[in-house]
Amino acid sequence: RLAAQGIGVHTENTYLAKSRQQQLDLPPKHIHPESGDWPCLTCGNWNYASRTECNKCGSLKPMQDQDNLREHRKAKSDKKKEMAEQHNEMSREEVVCANKARQLRSQHKQHETNQRKASGQRCTVCSRFQCIC
């Protein structure tokens with residue numbers, strides 16, 4: 001139908017390809033390619049690095065970036081595991097000491113609340129016996 005109107009399909013596609021190339025060359029101000037933001041090769045839309053598919057057309061992120069994304073996620077997961085192991089390596093004495101300190105803070109807070117209730121004194125900001133501000 002386009003050929004019947006004298007409009008060359010190839011010319012239209014070439015024009016679209018050029019406009020896509022211009023979009024790929026100049027990212028918007030809020031996009032930072034150095035941090036991993038990427039342009040969609042299908043529609044030219046710029047996407048944040050955290051996206052695995054284009055938010056405009058749904059095309060998948062290019063494979064080279066997918067591999068980098070997998071490596072990044074694996075490194076992040078490994079770091080979380082390492083931190084969990086360090087936490088689990090706390091000595092029994094450190095755990096008991098931390099629990100005791102938590103318990104003492106709770107008792108002190110409850111004691112202050114009971115004193116305020118007995119004296120009828122409320123917090124001037126939140127108007128409660130047990131201050132939340």
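Since we're looking at a predicted model, the values are computed, not measured. Positions are given from 1, in the same order as the sequence printed here. Side chains are part of it too, since the values below use all heavy atoms of this structure and drop only hydrogens, waters and symmetry mates.
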Exercise for the section: Apply the test side-chain contact (heavy atoms from CB on, under 4.5 Å) to residues R105 and K109: give CA-CA distance (whole Å), side-chain angles for both, the deciding distance (0.1 Å), then the verdict. Expected result: CA-CA 6 Å; R105 283 192 304 270; K109 187 175 179 180; over 6 Å; no
Problem - Donor-acceptor contact below 3.5 Å, side chain D37 vs main chain A49 - result: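 It does hold such a pair.
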Exercise for the section: Indicate yes or no for a side-chain donor-acceptor contact from S106 to the backbone of R102 under 3.5 Å, with no hydrogens or angles considered. Expected result: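 Pair absent, no side-chain N/O of S106 close to backbone of R102.
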Practice task
Compute whether any side-chain donor of one residue and acceptor of the other, for Q103 and N99, lie under 3.5 angstrom apart.
Solution key: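 No.
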Practice task
Scan side-chain atoms only and decide if N55 and N45 contain a donor-acceptor pair under the 3.5 Å cut-off.
Solution key: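 Side chains of N55 and N45: pair found under 3.5 Å.
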Practice task
Find the distance between OG1 (T52) and CG (N47) and round it off to the nearest 0.5 Å.
Solution key: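 Between atom OG1 of T52 and atom CG of N47 there are 9.5 Å.
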Exercise for the section: Please round to the nearest 0.5 Å and tell me the distance separating atom CD of E112 and atom NZ of K117. Expected result: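 Here the rounded value is 13.5 Å.
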Looking only at heavy atoms, which two atoms of [X] and [Y] are closest? And how far apart?
X	Y	value
R51	K61	O-CD, 3.5 Å
C43	C40	N-SG, 3.5 Å
P28	W46	CD-CD1, 3.5 Å
H30	Y48	CD2-OH, 3.0 Å

Practice task
Only counting residues at least two apart or in another chain, list the ones meeting side chain to side chain donor-acceptor pair (under 3.5 Å) with S59.
Solution key: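 Once residues adjacent in sequence are excluded, the partners of S59 under the side chain to side chain donor-acceptor pair (under 3.5 Å) criterion are T42.
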Handout entry: H111/Q107 under side-chain hydrogen bond (donor to acceptor under 3.5 Å, both in side chains): CA gap, chis, key distance, verdict
Key = CA-CA 6 Å; H111 178 70; Q107 288 174 352; over 6 Å; no
